Protein chains: 2
Amino acid sequence: MSESYKDKKVITIGIVSELTGLSPRKIRYYEERKLIFPERTKQGTRKYSFSDIETLMEIADKIEDGVQTFEIRKEMLKKERDKMLEDKKKMIQGQLNAHFKIRKQ
Amino acid sequence: MSESYKDKKVITIGIVSELTGLSPRKIRYYEERKLIFPERTKQGTRKYSFSDIETLMEIADKIEDGVQTFEIRKEMLKKERDKMLEDKKKMIQGQLNAHFKIRKQ
DNA sequence: CGTGTAAGGAATTCTGACACG
DNA sequence: CGTGTAAGGAATTCTGACACG
């Protein structure tokens, strides 16, 4: 789980472009459509993570399949929602387990 | 062991500078002294990995302690040598184990 | 030896816009 | 809608060198 490297935003758009094969124009456009969220340096240069790069490649695949950015965004939001519910479920389960700990032994 | 992210050289010198607190001048100098080995883009811009950043911080600590770059380089070479011997040892041990596998059962 | 700085050039990045479809 | 491109400006990076100590 310690994804310190994978999620750290340190890669500039030129290198992301090389790594993904996507033009800077496309990469900026997907940000405009709220599919990726790079950070910025003080001067405003975009910084991406390895995670962002993976997301970009998934986006590229879907675009190629004719999926519109709006649809892709909906899918991403749905996945996030499902994941949060899943996490919440696990958390509650954990609390229950802790609560009935004595009984279980 | 899959350090795909940690060892991938994708970070430009400006961001490395921010992350380490070292000036670009220092970072380039340590390369000149053969303490780090960034890759280059086609146009010659240096690209560093997270590993490089960690190495840089170790170097900075030693420099602060008054250790000269030449000494640091010697230490690094020594460590590499020791590590290779260790690896070789393990490899041979593995071969021996494989060779006498039947006997061991 | 280690590091700052000014110098000049080349390549990057940014934004807003026009174009095409 | 998705993407290319020319435009103009600002910031980055590079190298070789001089400076100080």
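Each chain gets a letter, A, B and so on, in the order the sequences are listed, and its residues count up from 1. Model, not experiment: these values are computed from the prediction.
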Taking only Watson-Crick and G-U wobble pairs with both distances under 3.5 Å, what dot-bracket line describes DNA chain D, where [ ] shows pairs that cross earlier ones and | shows pairs with another strand? .||||.||.|.|.||.||||.
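If you take CD of Glu71(B) and C1' of dG2(C), they are 15 Å apart, rounded to a whole angstrom. Atom CD of Glu31(B) is separated from atom P of dG2(C) by 15 Å (rounded to the nearest Å). Distance, Leu22(A) CG to dG2(D) C1': 13 Å, rounded to whole Å. Nucleotide dT15(D) holds its P atom 14 Å from the CD1 atom of Ile27(B), rounded to whole Å.
Dashed line: the shortest gap from a side-chain N or O of Tyr29(B) to OP1 or OP2 of dT3(C) is not under 4.0 Å. For Tyr30(B) and dT3(C), the shortest distance from a side-chain N or O to OP1 or OP2 is below 4.0 Å.
Atom CZ of Arg25(A) is separated from atom OH of Tyr30(A) by 10.0 Å, given to the nearest 0.5 angstrom. Remark: Glu71(B) CD to Arg73(B) CZ distance equals 12.5 Å, nearest 0.5 Å. The distance from the OG atom of Ser49(A) to the OH atom of Tyr5(B) is 9.0 Å, given to the nearest 0.5 Å. Going from atom CG of Leu77(B) over to atom CG of Leu35(B) covers 9.0 Å, rounded to the nearest 0.5 Å.
Comparing dG2(C), dG2(D), dG4(D) by their nearest atom to the side chain of Lys26(A) picks out dG4(D). Among the nucleotides dG2(C), dG4(C), dG4(D), the one closest to the side chain of Ser23(A) is dG4(D).
Between Leu22(A) and the options Ile53(A), Val16(A), Leu56(A), Ile59(A), a side-chain contact (heavy atoms from CB on, under 4.5 Å) holds for only Leu56(A).
Heavy-atom contacts from other residues, nucleotides or ligands closer than 6.0 Å to NZ of Lys8(A) number 12 or fewer. Within 6.0 Å of CZ on Phe37(B) lie more than 12 heavy atoms contributed by other residues, nucleotides or ligands. No more than 12 heavy atoms of other residues, nucleotides or ligands shown are found within 6.0 angstrom of CE on Met84(A).
Side-chain N/O atoms of Thr55(A) and Asp52(A) include no donor and acceptor closer than 3.5 Å. Using modelled atom types, one finds a donor on one side chain and an acceptor on the other under 3.5 Å when comparing Asp7(B) with Ser51(B).
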Shorter than 3.5 Å, N or O on both sides, protein versus nucleotides 5-9 of chain D: list them out with atom names.
residue, atom, partner, partner atom, Å
dT5(D), O4, Arg25(A), NE, 3.3

Shorter than 3.5 Å, N or O on both sides, protein versus nucleotides 12-14 of chain C: list them out with atom names.
residue, atom, partner, partner atom, Å
dT12(C), OP1, Gln43(B), NE2, 3.3
dT13(C), OP1, Gly14(A), N, 2.8
dC14(C), OP1, Arg46(A), N, 2.8
dC14(C), OP1, Arg46(A), NE, 2.9
dC14(C), OP2, Arg28(A), NE, 2.9
dC14(C), OP2, Arg28(A), NH2, 2.7

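For Glu58(B) and Lys79(B), the salt-bridge test fails: no basic side-chain N is under 4.0 Å from an acidic carboxylate O.
Among the heavy atoms of the strands, none lies under 4.0 Å from Thr41(A).
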